Amino acid sequence: MGFAEQRFNVNLSILFTELPLLERPAAAAAAGFSAVELWWPWVDSPTPERSELDALKKAIEDAGVRLTGLNFYAGQLPGPDRGALSLPGAESERFRANIDVAAGFAESLGCTALNALYGNRVDGVDPAEQDALALENLALAARAADRIGALLLVEALNRPESPRYPLVSAPAAVEVVDRVNEATGLGNARFLMDLYHLSMNGEDLPSVIERYTPRTGHVQIADNPGRGAPGTGSLPLDDLLDQLRKAGYDGWVGLEYKAGDRPSADAFEWLPREAR
């Protein structure tokens, strides 16, 4: 089957970053893609001015691409932060202020997947306190997502690159998904299966796919080592995506890899244009 059987979108927060934000949707369209996803674009503001939101919405609409995934506010990302929702104090409040803004922006573009990064452990704070705060905030986010017909995604990262992030395995992330669904009764929390992060953790990817595909709301890929395009490392990504399809996953696959030293437009040669 191979890559041609998948539906791919481009993450505009890691690809096409050599361009200003408002030019990236058109660049993705020019490269042949019909869908994009984003980390929260305003790292310093969970509640940007309406004019900024409107400008990005217009850029996406004018490019003729669909927004299929959006992160809630997650602090400095890229950077030292890995989310805000489990951090007591100002960052948690910023996350809460962002919930309705992010959900409203997603709704305006028909986006039905919202990713909530958990956040790092904080020195001097009881992990149980952080986990209780996280559940409270994730439940708020799940309810906001439900109001717009969207999924709430919970992602596992990798320990080598995110040593203070507590969700560094598929089971750990799925356990949080289950807690959120139990707390809200909505059932709209899902696992974000990032094959790069899971491979960096040394997980058995075929086993993860077999076990957790029914709980998965989105998939992201990059090769390993290097977090580059498929074919730059050693992961059998085409085989893994075939397994995902056979296991019942028919959603988007987010391209969340680094282009390296070349322009992002040159980082898709592994994927025939007709398959984009």
Side-chain angles (χ1 to χ4, degrees), residues 10-25 27-28 36-49 52-53 55-56 67 69-99 101-102 105-106 113-125 127 130 133-134 137-138 141 153-168 172-173 176 192 194 196-201 218 220-229 254-261 264 267:
V10 178
N11 189 303
L12 297 182
S13 297
I14 193 168
L15 285 159
F16 294 108
T17 55
E18 67 270 28
L19 299 174
L21 175 64
L22 298 183
E23 296 179 19
R24 296 177 202 171
V36 298
E37 62 183 32
L38 283 162
W39 303 341
W40 184 249
W42 300 279
V43 296
D44 295 320
S45 177
T47 55
E49 295 292 332
E52 295 184 83
L53 293 161
L56 180 55
L67 182 67
L70 177 68
N71 281 21
F72 287 106
Y73 170 78
Q76 296 293 318
L77 184 74
D81 299 332
R82 297 293 185 271
L85 63 90
S86 68
L87 278 59
E91 280 299 271
S92 172
E93 292 303 317
R94 286 160 74 86
F95 176 83
R96 291 191 185 197
N98 174 250
I99 289 174
V101 177
F105 184 74
L114 290 162
N115 184 28
L117 287 172
Y118 201 83
N120 290 326
R121 290 303 192 202
V122 178
D123 289 338
V125 178
Q130 284 196 256
L133 177 61
N137 283 335
L138 285 167
L153 302 174
V154 177
E155 183 175 7
L157 302 184
N158 73 78
R159 189 180 300 277
E161 295 174 330
S162 304
R164 299 180 68 82
Y165 191 82
L167 307 184
V168 287
V176 172
L192 195 167
D194 186 310
Y196 167 74
H197 287 307
L198 300 178
S199 70
M200 284 285 287
N201 288 326
H218 186 47
Q220 292 174 331
I221 64 169
D223 215 331
N224 186 26
R227 200 174 185 175
L255 303 181
E256 198 184 52
Y257 59 77
K258 298 177 181 179
D261 295 332
S264 295

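All figures in this text were calculated on a predicted structure; none of them were measured in a lab.
- Pro160 meets the side-chain contact (heavy atoms from CB on, under 4.5 Å) test with Asn158, Met200, Asn201; sequence neighbours excluded.
- Atom CZ of Arg159 has 12 or fewer heavy atoms from other residues, nucleotides or ligands within 6.0 Å.
- Residues Pro48 and Ser45 come closest through the heavy atom pair N-OG, 3.2 Å.
- Side-chain contact, Tyr257 with Arg227: no donor N or O sits under 3.5 Å from an acceptor N or O.
- Two residues are said to be in side-chain contact when any heavy atoms from C-beta on lie closer than 4.5 Å; Pro88 and Val125 meet this criterion.
- In this structure a side-chain-to-backbone donor-acceptor pair under 3.5 Å is present from Arg24 to Leu19.
- Annotation: the span from Ser86 atom OG to Asn120 atom CG amounts to 7.5 Å, rounded to 0.5 Å.
- Of the inter-residue distances, the one linking Ser92 atom OG with Leu87 atom CG reads 8.0 Å to the nearest 0.5 angstrom.
- Asn11 places no side-chain N or O within donor-acceptor distance of the main-chain N or O of Leu38, the cut-off being under 3.5 Å.
- A donor-acceptor pair shorter than 3.5 Å cannot be found between the side chains of Glu155 and Tyr165.
- In terms of heavy atoms, Asn224 sits closest to Ser199 at ND2-OG, 3.1 Å.
- In this structure, Phe16 CZ and Glu23 CD are separated by 12.0 Å, a value rounded to the nearest 0.5 Å.
- Smallest separation of non-hydrogen atoms from Val176 and Val154: CG1-CG1, 4.1 Å.
- Residues Phe95 and Pro46 are not in side-chain contact: their nearest non-hydrogen atoms beyond the backbone lie 4.5 Å or more apart.
- For the residue pair Trp42 / Glu49, no side-chain donor-acceptor distance below 3.5 Å is found, with atom types taken as modelled.
- Note: Leu85 CG to Arg96 CZ = 10.0 Å, rounded to the nearest 0.5 Å.
- A donor-acceptor pair is defined here as one N or O able to donate and one able to accept, closer than 3.5 Å; such a pair exists between the side chain of Gln130 and the backbone of Val122.
- The shortest heavy-atom contact between Ile14 and Leu255 is CG2-O, 4.4 Å.
- Minimum interatomic distance between Ala141 and Ile99 (heavy atoms only, all atoms of both residues): N-CD1, 4.0 Å.
- Taking the side chain as every heavy atom from C-beta outward, Pro25 and Leu12 approach each other to under 4.5 Å.
- For Ala102, the side-chain contact (heavy atoms from CB on, under 4.5 Å) criterion is met by Trp40, Leu70, Phe72, Asn98, not counting sequence neighbours.
- Judged purely by distance below 3.5 Å, without hydrogens or angles, the side chains of Glu91 and Tyr73 pair a donor atom with an acceptor atom.
- A distance of 6.0 Å separates CD of Glu256 from CD of Glu37, quoted to the nearest 0.5 Å.
- Interatomic distance, His197 NE2 to Leu157 CG, rounded to the nearest 0.5 Å: 4.5 Å.
- With sequence neighbours excluded, the residues satisfying side chain to side chain donor-acceptor pair (under 3.5 Å) with Arg82 are Ser162.
- Two residues are said to be in side-chain contact when any heavy atoms from C-beta on lie closer than 4.5 Å; Asn71 and Leu114 fail this criterion.
- Using a 4.0 Å cut-off between charged side-chain N and carboxylate O, Arg164 and Asp81 make no salt bridge.
- Leu153 and Asn115 make their closest contact through O-OD1, 3.2 Å (heavy atoms, listed as atom of the first residue, atom of the second, distance).
- Side-chain contact annotation: Asp44 with Gln76, donor-acceptor N/O pair under 3.5 Å present.
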